[in-house]
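Okay, here's the structure, questions in a sec.
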Amino acid sequence: MHTLWQRASALSTFAVTVLAIMASLASVTDLFHPSKATVDLDVKGVDALYAEKGVDKALLNIEMHADLRSEFSWNTKQLYVYVLAEFATEESPYNEMVIWNRIIQSKANAKLDIRKLQKMYPFVLSDQGKGLRDTEFNVTVAWNVMPHVGRLYTRKKTFTGLAFPSYYIEPKKNTKSS
């Protein structure tokens, strides 16, 4: 005869196995979920490009329209949407900075119409030297789809062919970083 502990162990092992199989099957359904997310981003210009304490800094004027509602399925918990600026300079061959982000927790809030992305951090787009002038850059809109069950995955759209001006543009009052 089996003891109470052996029976409890066998029952809990069976229950955990069934739950793991159910979670795996649930996460597989995301592979068949069609996503037709649309993202349109327009860099209207560079509001400021200036040198401060030996470092080039820039403020971008970006307009973004995105419809990410198709990313939501029954298994989607939330989306983490972020905008990256990517550029290369002689001193730093690869630079990537997050300039904006948002967590979207419902399908109703997944349509974004933002006329001007406001910087979200106390710093601005910067280079560790004076290499931003006349430098090409890309802006990428990426989003992480975070499911209730299963793997997190990232989708993105990159906008290329952008460049900083070859001259400095002084920032308007109260836009410099501290």
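Only heavy atoms go into these numbers, but all of them, side chains included; no hydrogens, no water, no symmetry mates.
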Exercise for the section: Report yes if the side chains of Tyr168 and Arg133 come closer than 4.5 Å at any heavy-atom pair, otherwise no. Expected result: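 SC-SC contact between Tyr168 and Arg133 confirmed.
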Problem - Point-to-point distance, once rounded to the nearest 0.5 Å, from NZ of Lys111 to OG of Ser70 - result: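 Reported value, rounded in 0.5 Å steps: 12.0 Å.
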Exercise for the section: State whether the side chain of Asp67 and the backbone N or O of Val39 hold a donor-acceptor pair below 3.5 Å, judged by distance alone. Expected result: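 Looks like no, no N/O pair under 3.5 Å.
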Practice task
State, with a plain yes or no, whether a side-chain heavy atom of Ser24 is found less than 4.5 Å away from one of Ile21.
Solution key: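 Of all side-chain heavy-atom pairs linking Ile21 with Ser24, none is under 4.5 Å.
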Practice task
Run through Phe159, Tyr94, Phe164, Phe87 and flag the one making a ring pair (Phe, Tyr, Trp, His ring centres under 6.0 Å) with Phe137.
Solution key: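 Exactly one candidate clears the test, Phe164.
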Practice task
Could you grab the distance from atom CD of Gln78 to atom CZ of Phe72, nearest 0.5 Å is fine?
Solution key: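 CZ of Phe72 is found 8.0 Å from CD of Gln78.
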Problem - Greater than 12 external heavy atoms within 6.0 Å of Glu63's CD - result: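 Counting other residues, nucleotides and ligands, CD of Glu63 exceeds 12 neighbours.
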Practice task
Rounded to the nearest 0.5 Å, what's the gap from CE on Met146 to NZ on Lys77? Could you check?
Solution key: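 Going from CE on Met146 over to NZ on Lys77, the span is 9.0 Å.
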Exercise for the section: Please name the pair of heavy atoms, one in Arg7 and one in His2, separated by the smallest distance, quoted to 0.1 Å. Expected result: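 Where Arg7 meets His2 most closely, the heavy atoms are NE-O, 3.5 Å.
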Problem - Thr154 versus Asn144, side-chain donor and acceptor atoms under 3.5 Å - result: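 Their side chains do contain a donor-acceptor pair, which is all the 3.5 Å distance test asks for.
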Practice task
Could you tell me whether Asp47 and Lys116 make a salt bridge, using a distance below 4.0 angstrom between a side-chain N and a carboxylate O?
Solution key: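 Lys116 and Asp47: salt-bridged.
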Handout entry: Minimum side-chain heavy-atom gap Val83-Val98 below 4.5 Å
Key =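 In short, these two side chains do not touch, never coming nearer than 4.5 Å.
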Exercise for the section: Please report the closest heavy-atom contact between Arg115 and His65, naming both atoms and the distance. Expected result: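 Heavy-atom minimum between the residues: NH1-CE1, 3.2 Å.
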Practice task
With the side chain counted from C-beta on, respond yes when Trp143 and Arg102 share a heavy-atom pair under 4.5 Å apart, and no when they do not.
Solution key: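 The answer is no; the side chains never approach within 4.5 Å.
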Handout entry: Minimum heavy-atom distance between Asp56 and Gly131, given as atom pair plus value
Key =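 For Asp56 and Gly131, the tightest heavy-atom pair comes out as OD2-N, 3.4 Å.
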Problem - Student check: side-chain heavy atoms of Val139 and Leu41 closer than 4.5 Å - result: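 SC-SC contact between Val139 and Leu41 confirmed.
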Problem - Closest non-hydrogen atom pair, Ala58 against Leu49 - result: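 Reported closest heavy-atom pair: CB-CD1, 3.9 Å.
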Handout entry: Any donor-acceptor pair under 3.5 Å from Lys157 side chain to Val141 backbone
Key =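 It does not hold such a pair.
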Problem - Interatomic spacing from NZ in Lys107 to CZ in Arg69 - rounded to 0.5 Å - result: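 With rounding to 0.5 Å, NZ (Lys107) is 8.0 Å from CZ (Arg69).
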Handout entry: Separation of Leu132 CG from Asp127 CG (nearest 0.5 Å)
Key =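 Nearest 0.5 Å value for the CG-CG distance: 5.0 Å.
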Exercise for the section: Would you mind reporting whether Val43 and Asn61 have side-chain heavy atoms less than 4.5 Å apart? Expected result: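 No. Closest side-chain heavy atoms not under 4.5 Å.
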Practice task
Decide if atom CD of Glu96 counts as having more than 12 heavy atoms of other residues, nucleotides or ligands within a radius under 6.0 Å.
Solution key: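 Count over threshold, so yes.
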Handout entry: Same apolar cluster: Val55 and Leu125, side chain cutoff 4.5 Å
Key =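 No, separate clusters.
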Handout entry: Exam field: side chain Ser92 to backbone Asn95, donor-acceptor pair closer than 3.5 Å
Key =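 Checking the backbone N and O of Asn95 against the side chain of Ser92, no donor-acceptor pair under 3.5 Å is found.
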Practice task
Test side-chain contact (heavy atoms from CB on, under 4.5 Å) on Val81 and Ile104 and set out the steps.
Solution key: CA-CA 7 Å; Val81 183; Ile104 301 172; 3.7 Å; yes
Handout entry: Closest heavy-atom pair and its distance - Ala37, Leu68
Key =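 Taking every non-hydrogen atom into account, CB-CD2, 3.7 Å.
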Practice task
Would you mind checking if Glu71 and Arg155 are paired as a salt bridge, meaning a charged N to carboxylate O distance below 4.0 Å?
Solution key: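 Judged by the 4.0 Å cut-off on N to carboxylate O distance, Arg155 and Glu71 do form a salt bridge.
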Handout entry: Shortest non-hydrogen separation from Leu79 to Thr76 and the atoms involved
Key =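 The answer is CD2-CG2, 4.3 Å.
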Handout entry: Shared hydrophobic cluster, Val18 / Val149 (ILVMFWY, side-chain heavy atoms < 4.5 Å)
Key =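 Shared cluster, no.
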Problem - Tyr82 OH to Leu84 CG distance, which is reported to the nearest 0.5 Å - result: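 Rounded to the nearest 0.5 Å, the OH-CG separation comes out at 6.0 Å.
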Handout entry: Val145 side chain near Leu152 side chain, heavy-atom distance below 4.5 Å
Key =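 Not touching, per the 4.5 Å side-chain cut-off.
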Exercise for the section: Would you indicate whether the side-chain heavy atoms of Asp40 and Met64 approach each other to under 4.5 Å? Expected result: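 No, side chains not in contact.
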Practice task
Decide yes or no on side-chain contact (heavy atoms from CB on, under 4.5 Å) for Val46 and Leu59, but give the supporting numbers first.
Solution key: CA-CA 6 Å; Val46 178; Leu59 291 169; over 6 Å; no
